[in-house]
Amino acid sequence: MTMTMQLEIVSAQEAIFSGKITRMTVSGQEGELGIHPGHTALLTGIKPGEVLVIKADGLEEVFYVSGGMLEV
């Protein structure tokens, strides 16, 4: 059984994505981050760019963000 985690991507105006994922990669302030289920707690700024999401069904989806915060 593949482990999953809940991901919420939101803007000030609306929810962009909400669903179960198996992993994601994002550019943090200190470099590239790979987030998997069970990742340690983390709060960091994110740089503008791509957020690669691997959904629970195995499909990849890419979101483009202008920056923000990541909380694990």
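Please read these numbers as outputs of a predicted model, since none were measured by experiment.
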| request: Examine the side chains of Ser18 and Gln6 and answer whether a donor and an acceptor come within less than 3.5 Å of each other. | output: yes

| request: Would you mind listing the cluster partners of Ile9? Hydrophobic ones only (ILVMFWY), side-chain contacts under 4.5 Å, chaining allowed. | output: Met5, Leu7, Ile16, Phe17, Ile21, Met24, Val26, Leu33, Ile35, Leu42, Ile46, Val51, Val53, Phe63, Val65, Leu70, Val72

| task | Kindly write out the residues that satisfy side chain to side chain contact (heavy atoms under 4.5 Å, CB included) with Glu60, not counting sequence neighbours, or none if the list is empty. | result | Leu52, Ile54

| request: Nearest 0.5 Å please: distance from the NZ atom of Lys55 over to the CZ atom of Arg23. | output: 14.0 Å

| message | Nearest 0.5 Å, please: how far is CD in Glu71 from OG1 in Thr44? | response | 12.0 Å

| task | Determine the minimum heavy-atom distance between Pro48 and Ser66, stating which atoms define it. | result | CG-O, 3.4 Å

| Nearest heavy-atom pair of Thr22 and Pro37: which atoms, and what distance? | O-CD, 3.0 Å

| When you look at CD of Glu30, are more than 12 heavy atoms from neighbouring residues, nucleotides or ligands closer to it than 6.0 Å? | no

| Close side-chain approach of Met69 to Leu43, heavy-atom, < 4.5 Å | yes

| task | Please identify each residue that fulfils side chain to side chain donor-acceptor pair (under 3.5 Å) with Gln29, with sequence neighbours left out. | result | none

